[in-house]
Number of protein chains: 2
Amino acid sequence: MFKLNACLVLFLKKLIPLKSNFNDKQIQILEVAEILFAEKGFDGTSIRNIAKVAKINIAMVSYYFGSKERLLESLIVYRTSDLKNQLDNLLQEELEPIDKINKLIELYINRINSNRGIYRILHFEFTSKKREQNLQAFSELKKGNLKSLEAIIEEGQKKGIFRKDVIIPLITPTILGTFFHFHMNKPFFENLLNLKTEDLYNNYIKTNLTKHIQQTIKALLIYES
Amino acid sequence: MFKLNACLVLFLKKLIPLKSNFNDKQIQILEVAEILFAEKGFDGTSIRNIAKVAKINIAMVSYYFGSKERLLESLIVYRTSDLKNQLDNLLQEELEPIDKINKLIELYINRINSNRGIYRILHFEFTSKKREQNLQAFSELKKGNLKSLEAIIEEGQKKGIFRKDVIIPLITPTILGTFFHFHMNKPFFENLLNLKTEDLYNNYIKTNLTKHIQQTIKALLIYES
DNA sequence: GTTTAATTTAAACAACTGTTTAGTTTTAAT
DNA sequence: ATTAAAACTAAACAGTTGTTTAAATTAAAC
(Lines give C-alpha, C1' and ligand atoms only; values in the text may rest on other atoms or scores of the structure.)
Protein backbone atom coordinates (compact mmCIF):
# COMPACT_ATOMS: atom_id res chain seq x y z
CA MET A 1 0.00 0.00 0.00
CA PHE A 2 2.65 2.48 1.03
CA LYS A 3 5.08 1.52 -1.68
CA LEU A 4 2.40 1.77 -4.32
CA ASN A 5 1.61 5.31 -3.20
CA ALA A 6 5.22 6.38 -3.27
CA CYS A 7 5.58 4.93 -6.74
CA LEU A 8 2.49 6.78 -7.90
CA VAL A 9 3.84 10.05 -6.61
CA LEU A 10 7.13 9.54 -8.41
CA PHE A 11 5.28 8.61 -11.55
CA LEU A 12 3.12 11.71 -11.41
CA LYS A 13 6.15 13.89 -10.75
CA LYS A 14 7.73 12.58 -13.94
CA LEU A 15 4.56 13.25 -15.89
CA ILE A 16 3.96 16.80 -14.73
CA PRO A 17 7.52 17.49 -13.84
CA LEU A 18 7.66 21.15 -13.04
CA LYS A 19 4.38 22.51 -11.81
CA SER A 20 3.85 19.71 -9.34
CA ASN A 21 7.29 20.18 -7.87
CA PHE A 22 5.90 23.08 -5.90
CA ASN A 23 3.56 22.58 -2.96
CA ASP A 24 0.61 24.79 -2.14
CA LYS A 25 2.57 27.11 0.11
CA GLN A 26 5.28 27.56 -2.49
CA ILE A 27 2.74 28.33 -5.18
CA GLN A 28 1.12 30.86 -2.91
CA ILE A 29 4.48 32.58 -2.51
CA LEU A 30 5.30 32.31 -6.22
CA GLU A 31 2.07 33.96 -7.28
CA VAL A 32 2.50 36.88 -4.92
CA ALA A 33 6.12 37.25 -6.03
CA GLU A 34 5.02 37.27 -9.65
CA ILE A 35 2.63 40.15 -9.05
CA LEU A 36 5.10 42.20 -7.07
CA PHE A 37 8.15 41.55 -9.28
CA ALA A 38 6.09 42.52 -12.31
CA GLU A 39 4.82 45.65 -10.63
CA LYS A 40 7.94 46.95 -8.99
CA GLY A 41 10.81 44.93 -10.39
CA PHE A 42 12.99 42.37 -8.68
CA ASP A 43 15.17 44.89 -6.88
CA GLY A 44 12.15 47.03 -6.08
CA THR A 45 10.48 44.18 -4.22
CA SER A 46 11.63 43.06 -0.77
CA ILE A 47 11.11 39.69 0.85
CA ARG A 48 9.24 41.41 3.64
CA ASN A 49 7.03 42.89 0.96
CA ILE A 50 6.22 39.47 -0.46
CA ALA A 51 5.74 37.98 2.99
CA LYS A 52 3.29 40.66 4.01
CA VAL A 53 1.09 40.27 0.92
CA ALA A 54 1.28 36.47 0.99
CA LYS A 55 0.64 36.53 4.75
CA ILE A 56 3.59 34.35 5.61
CA ASN A 57 6.67 34.74 7.75
CA ILE A 58 9.64 36.37 6.07
CA ALA A 59 11.79 33.32 6.75
CA MET A 60 9.56 31.12 4.62
CA VAL A 61 11.03 32.38 1.36
CA SER A 62 14.49 31.27 2.39
CA TYR A 63 13.05 28.08 3.83
CA TYR A 64 11.24 27.07 0.65
CA PHE A 65 13.42 28.55 -2.07
CA GLY A 66 16.83 29.14 -0.48
CA SER A 67 17.13 32.76 -1.46
CA LYS A 68 15.37 35.61 -3.20
CA GLU A 69 17.37 34.97 -6.36
CA ARG A 70 16.32 31.32 -6.43
CA LEU A 71 12.72 32.34 -5.84
CA LEU A 72 12.95 34.17 -9.16
CA GLU A 73 14.40 31.12 -10.88
CA SER A 74 11.62 28.94 -9.51
CA LEU A 75 9.05 31.45 -10.70
CA ILE A 76 10.34 31.22 -14.25
CA VAL A 77 10.29 27.44 -14.22
CA TYR A 78 6.79 27.55 -12.75
CA ARG A 79 5.42 29.75 -15.52
CA THR A 80 7.22 28.76 -18.71
CA SER A 81 7.10 24.99 -18.50
CA ASP A 82 4.19 24.30 -20.83
CA LEU A 83 4.80 26.72 -23.70
CA LYS A 84 6.82 24.19 -25.68
CA ASN A 85 3.93 21.72 -25.75
CA GLN A 86 1.54 24.35 -27.06
CA LEU A 87 3.92 25.18 -29.90
CA ASP A 88 4.48 21.54 -30.81
CA ASN A 89 0.74 20.98 -31.05
CA LEU A 90 0.40 23.95 -33.37
CA LEU A 91 3.15 22.64 -35.64
CA GLN A 92 1.34 19.36 -36.17
CA GLU A 93 -1.98 20.91 -37.14
CA GLU A 94 -2.93 20.68 -40.80
CA LEU A 95 -2.97 24.31 -41.84
CA GLU A 96 -1.56 26.54 -44.56
CA PRO A 97 1.74 28.14 -43.50
CA ILE A 98 0.27 31.63 -43.36
CA ASP A 99 -2.53 30.39 -41.10
CA LYS A 100 0.01 28.69 -38.90
CA ILE A 101 1.90 31.98 -38.63
CA ASN A 102 -1.31 33.78 -37.74
CA LYS A 103 -2.14 31.17 -35.15
CA LEU A 104 1.37 31.35 -33.74
CA ILE A 105 1.09 35.11 -33.38
CA GLU A 106 -2.27 34.70 -31.69
CA LEU A 107 -0.87 32.04 -29.39
CA TYR A 108 2.10 34.20 -28.43
CA ILE A 109 0.02 37.26 -27.72
CA ASN A 110 -2.69 35.43 -25.85
CA ARG A 111 -0.14 33.64 -23.77
CA ILE A 112 1.94 36.65 -22.95
CA ASN A 113 -1.15 38.72 -22.39
CA SER A 114 -2.60 36.33 -19.86
CA ASN A 115 0.78 35.84 -18.19
CA ARG A 116 1.81 39.45 -18.29
CA GLY A 117 3.47 39.27 -14.94
CA ILE A 118 6.10 36.69 -15.73
CA TYR A 119 6.84 38.01 -19.18
CA ARG A 120 7.35 41.48 -17.87
CA ILE A 121 9.75 40.02 -15.35
CA LEU A 122 11.57 37.99 -18.00
CA HIS A 123 11.77 41.03 -20.21
CA PHE A 124 13.13 43.18 -17.41
CA GLU A 125 15.30 40.99 -15.28
CA PHE A 126 17.00 38.81 -17.84
CA THR A 127 18.45 41.52 -19.97
CA SER A 128 20.67 43.21 -17.40
CA LYS A 129 24.11 41.75 -16.99
CA LYS A 130 23.33 41.19 -13.34
CA ARG A 131 21.49 37.95 -13.91
CA GLU A 132 23.33 36.43 -16.81
CA GLN A 133 23.90 33.08 -15.12
CA ASN A 134 20.26 32.14 -14.81
CA LEU A 135 19.89 32.89 -18.46
CA GLN A 136 20.47 29.38 -19.71
CA ALA A 137 17.04 27.85 -19.15
CA PHE A 138 15.42 30.92 -20.69
CA SER A 139 17.76 30.78 -23.65
CA GLU A 140 16.85 27.17 -24.37
CA LEU A 141 13.18 28.12 -24.37
CA LYS A 142 13.84 30.85 -26.92
CA LYS A 143 15.87 28.56 -29.15
CA GLY A 144 13.05 26.02 -29.17
CA ASN A 145 10.53 28.71 -30.09
CA LEU A 146 12.72 29.88 -32.94
CA LYS A 147 13.02 26.32 -34.26
CA SER A 148 9.21 26.09 -34.41
CA LEU A 149 8.93 29.37 -36.30
CA GLU A 150 11.69 28.29 -38.70
CA ALA A 151 9.86 25.07 -39.47
CA ILE A 152 6.69 26.91 -40.43
CA ILE A 153 8.43 29.50 -42.57
CA GLU A 154 10.58 26.98 -44.40
CA GLU A 155 7.44 25.00 -45.17
CA GLY A 156 5.92 28.14 -46.70
CA GLN A 157 9.09 28.86 -48.65
CA LYS A 158 9.14 25.35 -50.09
CA LYS A 159 5.56 25.80 -51.21
CA GLY A 160 6.56 29.02 -52.94
CA ILE A 161 4.23 31.14 -50.83
CA PHE A 162 6.82 32.96 -48.72
CA ARG A 163 9.70 35.01 -50.03
CA LYS A 164 13.13 33.69 -49.23
CA ASP A 165 15.08 36.85 -48.42
CA VAL A 166 13.69 37.34 -44.92
CA ILE A 167 15.89 37.01 -41.88
CA ILE A 168 13.92 34.50 -39.85
CA PRO A 169 15.52 35.13 -36.44
CA LEU A 170 14.47 38.78 -36.72
CA ILE A 171 10.79 37.94 -37.10
CA THR A 172 10.37 37.02 -33.46
CA PRO A 173 11.70 40.42 -32.37
CA THR A 174 9.14 42.03 -34.64
CA ILE A 175 6.24 39.97 -33.29
CA LEU A 176 7.14 40.11 -29.63
CA GLY A 177 8.79 43.50 -29.75
CA THR A 178 5.71 45.13 -31.20
CA PHE A 179 3.55 43.65 -28.50
CA PHE A 180 5.95 44.44 -25.70
CA HIS A 181 6.58 47.97 -26.81
CA PHE A 182 2.85 48.55 -26.94
CA HIS A 183 2.28 47.00 -23.57
CA MET A 184 5.27 48.66 -21.94
CA ASN A 185 3.83 52.01 -22.92
CA LYS A 186 0.39 51.09 -21.68
CA PRO A 187 -0.41 54.45 -20.06
CA PHE A 188 0.61 56.29 -23.22
CA PHE A 189 -1.56 54.20 -25.52
CA GLU A 190 -4.47 54.09 -23.10
CA ASN A 191 -4.49 57.84 -23.30
CA LEU A 192 -3.81 58.09 -27.03
CA LEU A 193 -6.37 55.50 -28.13
CA ASN A 194 -8.98 56.26 -25.50
CA LEU A 195 -8.85 52.86 -23.85
CA LYS A 196 -10.33 53.95 -20.58
CA THR A 197 -11.12 50.56 -19.06
CA GLU A 198 -9.07 47.41 -18.69
CA ASP A 199 -11.60 45.64 -20.91
CA LEU A 200 -11.19 48.16 -23.71
CA TYR A 201 -7.42 47.83 -23.47
CA ASN A 202 -7.51 44.04 -23.56
CA ASN A 203 -9.94 44.10 -26.42
CA TYR A 204 -7.71 46.41 -28.40
CA ILE A 205 -4.84 43.96 -27.98
CA LYS A 206 -6.98 40.97 -28.95
CA THR A 207 -8.30 42.62 -32.08
CA ASN A 208 -6.36 45.59 -33.40
CA LEU A 209 -2.86 44.90 -32.12
CA THR A 210 -2.99 41.22 -33.01
CA LYS A 211 -4.31 42.08 -36.44
CA HIS A 212 -1.62 44.69 -36.96
CA ILE A 213 1.11 42.20 -36.16
CA GLN A 214 -0.43 39.51 -38.36
CA GLN A 215 -0.82 42.02 -41.18
CA THR A 216 2.77 43.15 -40.76
CA ILE A 217 4.28 39.66 -40.77
CA LYS A 218 2.09 38.57 -43.66
CA ALA A 219 3.16 41.60 -45.69
CA LEU A 220 6.78 40.91 -44.86
CA LEU A 221 6.59 37.24 -45.84
CA ILE A 222 4.43 37.47 -48.96
CA TYR A 223 5.22 40.85 -50.48
CA GLU A 224 7.09 40.80 -53.79
CA SER A 225 8.71 44.06 -54.93
CA MET B 1 32.78 94.12 -20.00
CA PHE B 2 31.12 92.22 -17.18
CA LYS B 3 27.55 92.93 -18.29
CA LEU B 4 28.33 91.84 -21.81
CA ASN B 5 29.61 88.53 -20.53
CA ALA B 6 26.55 87.92 -18.39
CA CYS B 7 24.34 88.72 -21.33
CA LEU B 8 26.26 86.33 -23.52
CA VAL B 9 25.86 83.55 -20.98
CA LEU B 10 22.13 84.15 -20.73
CA PHE B 11 21.87 84.20 -24.50
CA LEU B 12 23.74 80.93 -24.83
CA LYS B 13 21.61 79.35 -22.14
CA LYS B 14 18.51 80.23 -24.14
CA LEU B 15 20.03 78.76 -27.28
CA ILE B 16 21.15 75.46 -25.80
CA PRO B 17 18.63 75.44 -23.03
CA LEU B 18 18.94 72.03 -21.48
CA LYS B 19 22.41 70.62 -21.89
CA SER B 20 24.08 73.76 -20.68
CA ASN B 21 21.90 73.89 -17.59
CA PHE B 22 24.18 71.28 -16.08
CA ASN B 23 27.72 72.11 -15.02
CA ASP B 24 30.74 69.87 -15.52
CA LYS B 25 30.36 68.14 -12.20
CA GLN B 26 26.69 67.44 -12.79
CA ILE B 27 27.44 66.04 -16.22
CA GLN B 28 30.11 63.85 -14.72
CA ILE B 29 27.56 62.46 -12.27
CA LEU B 30 24.87 62.11 -14.95
CA GLU B 31 27.10 60.09 -17.22
CA VAL B 32 28.11 57.69 -14.50
CA ALA B 33 24.48 57.37 -13.41
CA GLU B 34 23.49 56.62 -16.99
CA ILE B 35 25.93 53.75 -17.22
CA LEU B 36 24.99 52.26 -13.88
CA PHE B 37 21.21 52.71 -14.20
CA ALA B 38 21.38 51.07 -17.61
CA GLU B 39 23.47 48.23 -16.31
CA LYS B 40 21.77 47.45 -13.03
CA GLY B 41 18.51 49.36 -13.06
CA PHE B 42 17.49 52.34 -10.97
CA ASP B 43 16.71 50.33 -7.85
CA GLY B 44 19.76 48.18 -8.38
CA THR B 45 22.05 51.20 -8.27
CA SER B 46 22.86 52.99 -5.04
CA ILE B 47 24.06 56.55 -4.61
CA ARG B 48 27.19 55.21 -2.97
CA ASN B 49 27.67 53.15 -6.09
CA ILE B 50 27.47 56.19 -8.32
CA ALA B 51 29.65 58.24 -6.00
CA LYS B 52 32.37 55.63 -5.98
CA VAL B 53 32.56 55.30 -9.77
CA ALA B 54 32.27 59.05 -10.33
CA LYS B 55 34.84 59.59 -7.56
CA ILE B 56 32.71 62.09 -5.70
CA ASN B 57 31.28 62.30 -2.21
CA ILE B 58 27.93 60.60 -1.70
CA ALA B 59 26.37 63.87 -0.59
CA MET B 60 27.03 65.49 -3.95
CA VAL B 61 24.09 63.79 -5.61
CA SER B 62 21.68 65.29 -3.12
CA TYR B 63 23.57 68.56 -3.31
CA TYR B 64 23.34 68.88 -7.08
CA PHE B 65 20.10 67.10 -7.89
CA GLY B 66 18.10 67.05 -4.67
CA SER B 67 17.45 63.35 -4.63
CA LYS B 68 18.12 60.11 -6.46
CA GLU B 69 14.72 60.32 -8.15
CA ARG B 70 15.43 63.81 -9.44
CA LEU B 71 18.82 62.68 -10.67
CA LEU B 72 16.92 60.29 -12.94
CA GLU B 73 14.65 63.08 -14.17
CA SER B 74 17.65 65.27 -14.92
CA LEU B 75 19.26 62.42 -16.79
CA ILE B 76 16.26 62.09 -19.08
CA VAL B 77 16.18 65.81 -19.80
CA TYR B 78 19.91 65.74 -20.43
CA ARG B 79 19.67 62.99 -23.02
CA THR B 80 16.40 63.50 -24.90
CA SER B 81 16.43 67.23 -25.48
CA ASP B 82 17.57 67.32 -29.10
CA LEU B 83 15.61 64.48 -30.69
CA LYS B 84 12.72 66.72 -31.72
CA ASN B 85 14.98 68.95 -33.80
CA GLN B 86 16.41 66.00 -35.67
CA LEU B 87 12.92 64.80 -36.57
CA ASP B 88 11.78 68.25 -37.70
CA ASN B 89 14.76 68.53 -40.01
CA LEU B 90 13.95 65.17 -41.56
CA LEU B 91 10.34 66.20 -42.19
CA GLN B 92 11.41 69.21 -44.19
CA GLU B 93 13.76 67.32 -46.50
CA GLU B 94 12.56 66.84 -50.07
CA LEU B 95 12.22 63.09 -50.27
CA GLU B 96 9.69 60.49 -51.33
CA PRO B 97 7.55 59.30 -48.38
CA ILE B 98 9.07 55.82 -48.40
CA ASP B 99 12.56 57.29 -48.30
CA LYS B 100 11.53 59.51 -45.42
CA ILE B 101 10.27 56.45 -43.58
CA ASN B 102 13.53 54.65 -44.23
CA LYS B 103 15.48 57.64 -43.04
CA LEU B 104 13.30 57.93 -39.96
CA ILE B 105 13.93 54.29 -39.12
CA GLU B 106 17.64 54.79 -39.61
CA LEU B 107 17.57 57.91 -37.46
CA TYR B 108 15.70 56.14 -34.66
CA ILE B 109 17.99 53.14 -34.63
CA ASN B 110 21.18 55.13 -34.89
CA ARG B 111 20.06 57.41 -32.13
CA ILE B 112 18.92 54.73 -29.76
CA ASN B 113 21.92 52.62 -30.58
CA SER B 114 24.37 55.34 -29.71
CA ASN B 115 22.40 56.31 -26.61
CA ARG B 116 21.68 52.80 -25.46
CA GLY B 117 22.03 53.66 -21.83
CA ILE B 118 19.29 56.22 -21.55
CA TYR B 119 16.87 54.32 -23.76
CA ARG B 120 17.33 51.20 -21.74
CA ILE B 121 16.57 53.23 -18.65
CA LEU B 122 13.52 54.85 -20.24
CA HIS B 123 12.32 51.47 -21.37
CA PHE B 124 12.79 49.98 -17.92
CA GLU B 125 11.96 52.63 -15.43
CA PHE B 126 9.04 54.38 -17.07
CA THR B 127 6.83 51.38 -17.51
CA SER B 128 6.43 50.36 -13.91
CA LYS B 129 3.68 52.06 -11.98
CA LYS B 130 6.28 53.24 -9.53
CA ARG B 131 7.37 56.24 -11.56
CA GLU B 132 4.19 57.30 -13.25
CA GLN B 133 4.46 60.94 -12.19
CA ASN B 134 7.67 61.71 -14.06
CA LEU B 135 6.01 60.27 -17.14
CA GLN B 136 4.68 63.53 -18.51
CA ALA B 137 7.79 64.92 -20.19
CA PHE B 138 8.49 61.53 -21.73
CA SER B 139 4.92 61.24 -22.93
CA GLU B 140 5.12 64.60 -24.69
CA LEU B 141 8.26 63.46 -26.47
CA LYS B 142 6.46 60.35 -27.71
CA LYS B 143 3.44 62.31 -28.88
CA GLY B 144 5.65 64.62 -30.89
CA ASN B 145 7.43 61.69 -32.50
CA LEU B 146 4.11 60.14 -33.44
CA LYS B 147 2.96 63.40 -35.05
CA SER B 148 6.06 63.39 -37.26
CA LEU B 149 5.43 59.82 -38.35
CA GLU B 150 1.79 60.57 -39.03
CA ALA B 151 2.75 63.50 -41.26
CA ILE B 152 4.99 61.34 -43.40
CA ILE B 153 2.52 58.50 -43.76
CA GLU B 154 -0.42 60.76 -44.57
CA GLU B 155 1.70 62.38 -47.25
CA GLY B 156 2.33 58.95 -48.76
CA GLN B 157 -1.34 58.09 -48.53
CA LYS B 158 -2.34 61.25 -50.34
CA LYS B 159 0.10 60.41 -53.10
CA GLY B 160 -1.53 57.00 -53.40
CA ILE B 161 1.68 55.17 -52.52
CA PHE B 162 0.76 53.91 -49.05
CA ARG B 163 -2.26 51.82 -48.19
CA LYS B 164 -4.81 53.44 -45.94
CA ASP B 165 -5.84 50.60 -43.64
CA VAL B 166 -2.77 50.68 -41.41
CA ILE B 167 -2.99 51.68 -37.78
CA ILE B 168 -0.38 54.41 -37.64
CA PRO B 169 0.14 54.51 -33.86
CA LEU B 170 1.07 50.82 -33.98
CA ILE B 171 3.91 51.36 -36.42
CA THR B 172 6.18 52.90 -33.81
CA PRO B 173 5.83 49.84 -31.59
CA THR B 174 6.85 47.71 -34.54
CA ILE B 175 9.90 49.82 -35.36
CA LEU B 176 11.11 50.41 -31.84
CA GLY B 177 9.82 47.14 -30.42
CA THR B 178 11.75 45.11 -32.99
CA PHE B 179 14.94 46.94 -32.18
CA PHE B 180 14.46 46.80 -28.44
CA HIS B 181 13.53 43.16 -28.37
CA PHE B 182 16.62 42.37 -30.38
CA HIS B 183 18.81 44.48 -28.19
CA MET B 184 17.27 43.30 -24.93
CA ASN B 185 18.14 39.76 -25.91
CA LYS B 186 21.66 40.70 -26.90
CA PRO B 187 23.39 37.67 -25.38
CA PHE B 188 20.93 35.35 -27.10
CA PHE B 189 21.39 36.85 -30.55
CA GLU B 190 25.15 37.25 -30.14
CA ASN B 191 25.27 33.53 -29.63
CA LEU B 192 22.70 32.63 -32.28
CA LEU B 193 24.12 34.84 -35.04
CA ASN B 194 27.79 34.43 -34.12
CA LEU B 195 28.36 38.09 -33.33
CA LYS B 196 31.42 37.53 -31.22
CA THR B 197 32.73 41.09 -31.03
CA GLU B 198 31.02 44.36 -30.21
CA ASP B 199 31.87 45.56 -33.72
CA LEU B 200 30.15 42.59 -35.34
CA TYR B 201 27.09 43.16 -33.18
CA ASN B 202 26.92 46.87 -34.00
CA ASN B 203 27.43 46.15 -37.65
CA TYR B 204 24.60 43.64 -37.66
CA ILE B 205 22.29 46.29 -36.23
CA LYS B 206 23.42 48.92 -38.73
CA THR B 207 22.94 46.65 -41.72
CA ASN B 208 20.75 43.60 -41.20
CA LEU B 209 18.46 44.71 -38.39
CA THR B 210 17.87 48.16 -39.87
CA LYS B 211 17.20 46.60 -43.26
CA HIS B 212 14.79 44.09 -41.74
CA ILE B 213 12.79 46.83 -40.07
CA GLN B 214 12.75 48.98 -43.21
CA GLN B 215 11.71 45.97 -45.27
CA THR B 216 8.97 45.15 -42.78
CA ILE B 217 7.51 48.66 -42.64
CA LYS B 218 7.74 49.08 -46.40
CA ALA B 219 5.92 45.78 -46.93
CA LEU B 220 3.27 46.82 -44.42
CA LEU B 221 2.70 50.21 -46.01
CA ILE B 222 2.85 49.30 -49.69
CA TYR B 223 1.56 45.74 -49.90
CA GLU B 224 -1.78 45.30 -51.65
CA SER B 225 -3.57 41.99 -51.11
C1' DG C 1 1.11 7.88 22.83
C1' DT C 2 5.68 8.71 21.76
C1' DT C 3 8.96 10.06 18.58
C1' DT C 4 10.65 12.08 14.59
C1' DA C 5 10.34 15.22 11.02
C1' DA C 6 8.37 19.22 8.77
C1' DT C 7 6.60 23.69 9.28
C1' DT C 8 6.28 28.18 11.22
C1' DT C 9 7.59 31.91 14.18
C1' DA C 10 9.86 36.11 16.30
C1' DA C 11 14.11 38.01 16.92
C1' DA C 12 18.52 39.19 15.69
C1' DC C 13 22.30 39.75 12.34
C1' DA C 14 25.36 42.65 9.71
C1' DA C 15 25.29 45.13 5.65
C1' DC C 16 23.28 48.55 2.89
C1' DT C 17 19.75 52.22 1.74
C1' DG C 18 18.81 57.59 0.69
C1' DT C 19 19.31 61.74 3.01
C1' DT C 20 20.91 65.30 6.32
C1' DT C 21 24.08 67.68 9.15
C1' DA C 22 27.70 70.43 10.67
C1' DG C 23 32.01 71.59 9.56
C1' DT C 24 35.90 72.37 6.26
C1' DT C 25 38.02 73.85 2.02
C1' DT C 26 37.90 76.28 -2.26
C1' DT C 27 36.50 79.91 -5.24
C1' DA C 28 35.17 84.43 -6.52
C1' DA C 29 33.95 89.42 -5.62
C1' DT C 30 34.87 93.66 -3.68
C1' DA D 1 42.90 91.15 2.64
C1' DT D 2 38.13 90.43 3.82
C1' DT D 3 33.91 88.56 3.05
C1' DA D 4 30.35 85.74 1.27
C1' DA D 5 28.98 82.20 -1.44
C1' DA D 6 29.81 77.78 -3.48
C1' DA D 7 31.81 73.27 -3.37
C1' DC D 8 33.03 69.50 -0.91
C1' DT D 9 33.73 66.23 3.04
C1' DA D 10 33.21 62.72 6.82
C1' DA D 11 30.04 61.26 9.94
C1' DA D 12 25.78 60.17 11.48
C1' DC D 13 20.77 59.39 10.81
C1' DA D 14 16.90 56.31 10.81
C1' DG D 15 15.13 52.67 7.81
C1' DT D 16 15.42 48.81 5.02
C1' DT D 17 17.75 44.97 3.00
C1' DG D 18 18.44 39.45 2.61
C1' DT D 19 19.51 35.82 5.54
C1' DT D 20 20.14 33.00 9.77
C1' DT D 21 19.04 31.29 14.23
C1' DA D 22 16.97 28.91 17.86
C1' DA D 23 12.82 27.95 19.72
C1' DA D 24 7.84 26.84 19.17
C1' DT D 25 4.13 24.64 16.82
C1' DT D 26 2.04 21.29 13.83
C1' DA D 27 1.86 16.96 11.17
C1' DA D 28 3.08 12.34 10.21
C1' DA D 29 4.94 7.75 11.29
C1' DC D 30 5.15 3.90 14.00
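This structure is a prediction, so every number in the text was calculated from the model and none was measured. Residue numbers start from 1 in every chain, and the chains themselves are labelled A, B, ... in the order their sequence lines are given, proteins ahead of strands.
- The salt bridge (Lys or Arg N to Asp or Glu O under 4.0 Å) pairs that include a residue from residues 193-206 of chain B are B:Arg116-B:Glu198, B:Lys186-B:Glu198, where partners are two or more places apart or lie in different chains.
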**Complete:** Each nucleotide of nucleotides 9-22 of chain C classed B (base within 4.0 Å of a protein heavy atom), S (only sugar-phosphate) or -, in 5' to 3' order, makes BBBB----BBBB--

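- Qualifying side-chain hydrogen bond (donor to acceptor under 3.5 Å, both in side chains) partners for A:Glu93, counting only residues two or more places apart in sequence or in other chains: A:Lys103.
- For A:Lys68, there are no salt bridge (charged side-chain N to carboxylate O under 4.0 Å, His left out) partners at least two apart in sequence or on another chain.
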Identify all pairs in which a protein N or O lies below 3.5 Å from an N or O of nucleotides 26-28 of chain D, and state each distance.
none

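- Taking the six-membered ring where the residue is Trp, A:His181 and B:Phe180 present parallel rings, their angle staying beneath 30° rather than reaching 60°.
- For the OP1/OP2 pair of C:dA6 and a distance below 4.0 Å, the side-chain nitrogens and oxygens of A:Lys25 include no atom meeting the criterion.
- Not counting sequence neighbours, the partners of A:Arg111 by the side-chain hydrogen bond (donor to acceptor under 3.5 Å, both in side chains) test are A:Asp82, A:Gln86, A:Tyr119.
- Legend: residues meeting ring-ring contact (aromatic ring centres under 6.0 Å, His included) with B:Tyr204, ordered by chain and number and at least two apart, are B:Phe182.
- Applying the side-chain contact (heavy atoms from CB on, under 4.5 Å) test to B:Asn49 and every residue at least two apart in sequence or in another chain returns B:Leu36, B:Lys40, B:Thr45, B:Ser46.
- When the C1' atoms of four end pairs are superposed on the next four at each end of the helix from C:dG1-D:dC30 to C:dT30-D:dA1, using five pairs per end, the two resulting axes differ in direction by 10°, to 10°.
- Here B:Tyr64 lies in heavy-atom contact (under 4.0 Å) with sugar-phosphate atoms only.
- Atom-to-atom, CZ of A:Phe65 to P of D:dG18 comes out at 15 Å; the value is rounded to the nearest Å.
- In this structure B:Lys211 satisfies the salt bridge (charged side-chain N to carboxylate O under 4.0 Å, His left out) test with no other residue, sequence neighbours excluded.
- Take B:Glu34 and apply the side-chain hydrogen bond (donor to acceptor under 3.5 Å, both in side chains) test, not counting sequence neighbours, and it matches B:Arg79.
- Residues meeting the side-chain contact (heavy atoms from CB on, under 4.5 Å) test with A:Arg70, sequence neighbours left out: A:Ser67, A:Glu73.
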